[in-house]
Amino acid sequence: MKKLFLLFAVLLCVSVHAVNYDVVPMPQQVALQQGEPFVLNGQVQILAADGLQQEAGFLQSYLQELTGQSLTISQKREKKVSYIELSLSPKVQAAEGFVLIVNKKGITIQGGSAAGVFYGIQTLRKALADEEQTKGGSVLLPAVNIVDAPRFSWRGMHLDCSRHFFPIAFVKKYIDLLALHNMNVFHWHLSDDQGWRIEIKRWPKLITVGSQRSGTIIGTNSDLDDHTPYGGYYTQDEAREIVAYAKARHITVVPEIDMPGHMLAALASYPELGCTGGPYQVGHYWGVYKDVLCVANVRVYQFVEDVLTEIMDIFPSEVIHIGGDETPTEKWEQCPKCQSLVQHLTPNTQHQFPLQARFTRRVFDFLTAHHRRALGWDEILDGSPQDAMIMSWRGTEPGSKAAAQGHDVVMAPTTHCYFDYQQVEDRQFEPSRCGGFIPVERVYGLNPVPDGFSAEAQRHILGVQANLWTEYVTTEEMAEYQVLPRMSALAEVQWTQPDRKDYKAFLERLTRLTTLYEHLGYTYAKHLWPERQMPSRWQF
């Protein structure tokens, strides 16, 4: 005790800052230990085992950013040097799990994989984020043992770049947000009625025509159009750059090419792919368009296979998202070729939409032949093959049904996970015109696994993600505002076991996390902290 008192007395003579392990998401086990704290200063080194140099580089960068200390990375242990040691350990059974130990001698982060080490680093990073933290001084880290691993293997966030386009620099910044919140899947929505955003070399008009719209509706599907050209797309090299950037942060990029509906931008580029032959134009307004791919047209399947071949070449993800939602059948019902095809289909009362089921099955078979898995919105559950992955967006019920039938499921219900929806009921001072209401507390309260589910069905719930559709999200700052701080609540749903969750305690941890949001320059909604909000307009 006397030695500990003397240590604190000495440290009080210099600039010293303390660390708090109340982070988001809440770790599974945090056990403070007896003993002296570790003193983090500029003499500490990072010791990284083989294969963890990249993780060491992230840790070095984070510490420089937060503390101003530039730590050396070493691969060889020396005497009389204090280390933050990164290593892999077979004792950490979960691949994404880690053990973080702090004592007076140093800090060790052991992971079940490099990803586990990375999440241990994120925990340390967030522990260092404190409203009283300033650069230049030593940092005291209380002795602690943290044992952690995620609840779900799929911890995702979605970004729609079709309705409004976001540059590569922002996509990277968005991916950094995922890393901060221990997420591992970036769902990249790259095509829709209002714009095709990814270069496909075999079908070049998708870029020259489909990536541009001649105007955008003003407001919420009013009759007023701004008639201002709008567009943008990612080259294949830029997309590969994003894949590499995400991979370095242990995030998988899952691309989405929505089909057979939400294809108006493709039809405007190649009118022969539709039932009527056009003319078509890239969509100006939001919602669902009746024009879809003609599923009786042989050329459509060549188009789909060509697109998916290039997508698979760009994106190494095992999972490819093929959409499948909101596909009107009116054009098929009026198309002689489609109706002729219906007559030759084998009757199956289980298929409410037999043409879409046939189309989906063919796309699934193509992806399976290339050793990939197809993921689609929950509409494809009707007539989909057993190996189909389902993303449940129309509530949790379709996902529960799919899991009970043996399909792997990702929960992304509109009730909890649509971050384009408003965060408060009073929309007067909100930047987005989108409807709906999903506050932070509702996100936090999501239960992805229904009560009473069998153990077998539970295994098919792979995880959870939230979606940011961008009809009314026109700037980078708005995108950040819509996802933050709700993303933190989602992270705790994805990572933390239910018996560890406590909303009141979460709010305290979230308040600390906003310090890091501000430090990193992110825009976040401040409804939980009224004292931080701008005064009402009539008070100006």
Side-chain angles (χ1 to χ4, degrees), residues 152-154 156 158-160 162 184-192 196-198 200 202-203 239 243 252-263 266 273 292-293 295 300-327 345 348 350-394 398-412 459-465 467:
F152 291 110
S153 61
W154 185 293
H158 157 286
L159 179 64
D160 169 20
S162 173
N184 64 354
V185 177
F186 172 47
H187 176 177
W188 201 5
H189 189 77
L190 290 167
S191 73
D192 220 298
W196 188 283
R197 304 296 179 211
I198 183 70
I200 301 297
R202 298 183 194 179
W203 297 78
V243 168
T252 299
V253 182
V254 173
E256 180 183 355
I257 303 296
D258 205 344
M259 59 182 81
H262 290 289
M263 271 281 176
L273 300 179
V292 299
L293 293 178
V295 293
V300 162
Y301 295 97
Q302 186 62 57
F303 166 77
V304 168
E305 292 181 4
D306 287 348
V307 167
L308 291 177
T309 296
E310 295 194 29
I311 289 294
M312 288 187 289
D313 185 59
I314 300 167
F315 298 95
S317 166
E318 179 189 11
V319 177
I320 305 294
H321 203 305
I322 64 168
D325 64 316
E326 298 176 328
T327 305
L345 293 177
N348 189 332
Q350 293 181 342
H351 295 182
Q352 184 180 359
F353 304 108
L355 286 176
Q356 183 171 354
R358 178 183 182 274
F359 172 88
T360 302
R361 179 75 216 205
R362 190 160 172 176
V363 174
F364 277 23
D365 288 346
F366 178 77
L367 289 173
T368 300
H370 288 79
H371 310 289
R372 304 296 182 97
R373 295 190 70 187
L375 169 64
W377 301 106
D378 56 57
E379 285 95 328
I380 71 167
L381 186 58
D382 176 40
S384 62
Q386 189 61 42
D387 60 346
M389 293 178 63
I390 304 298
M391 185 163 281
S392 186
W393 73 279
R394 296 178 299 175
S400 300
K401 176 183 176 183
Q405 293 177 2
H407 295 275
D408 286 341
V409 172
V410 177
M411 291 293 192
R459 282 193 288 270
H460 287 292
I461 306 292
L462 302 184
V464 190
Q465 79 170 39
N467 301 330

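When reading the values below, keep in mind they use all heavy atoms of this one structure, side chains included, and skip hydrogens, waters and symmetry mates. In this text, all values refer to a predicted model and were calculated from it rather than measured experimentally.
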The side-chain contact (heavy atoms from CB on, under 4.5 Å) partners of N184 (sequence neighbours excluded) come to E96, Y119, R155
Sorted by chain and number, sequence neighbours left out, side-chain contact (heavy atoms from CB on, under 4.5 Å) with H460 holds for A403, D408, E456
Checking [X] now: which residues fulfil salt bridge (Lys or Arg N to Asp or Glu O under 4.0 Å) with it, not counting sequence neighbours?
X    : value
D378 : R394
D387 : none
R372 : none

CD1 of I461 to CZ of F152, rounded to nearest 0.5 Å, is 7.5 Å
Interatomic distance, CD@Q405 vs CD@Q386, rounded to 0.5 Å, equals 7.5 Å
Exercise. Sub-3.5 Å donor-acceptor pair from the side chain of Y301 to the main-chain atoms of F359, do we have one?
Worked result: no
**Asked** Where the side chain of T327 meets the backbone of D325, is there a donor-acceptor pair that is under 3.5 Å apart?
**Response** yes
Is there side-chain contact between [X] and [Y], with at least one heavy-atom pair below 4.5 Å?
X    : Y    : value
F366 : I322 : no
V410 : V185 : no
S191 : H262 : no
P398 : I390 : no
H370 : I320 : no
E379 : W393 : yes

Query raised in the report: Does a donor on one side chain sit under 3.5 Å from an acceptor on the other, for H187 and E256?
Result: yes
Original post:
For the ring pair H189 and W377, is the centre-to-centre distance below 6.0 Å?
Top reply: no
Applying side chain to side chain donor-acceptor pair (under 3.5 Å) to R202 and not counting sequence neighbours gives D306
Practice task
Step by step, work out the side chain to side chain contact (heavy atoms under 4.5 Å, CB included) result for W203 and E310.
Solution key: CA-CA 10 Å; W203 297 78; E310 295 194 29; 5.6 Å; no
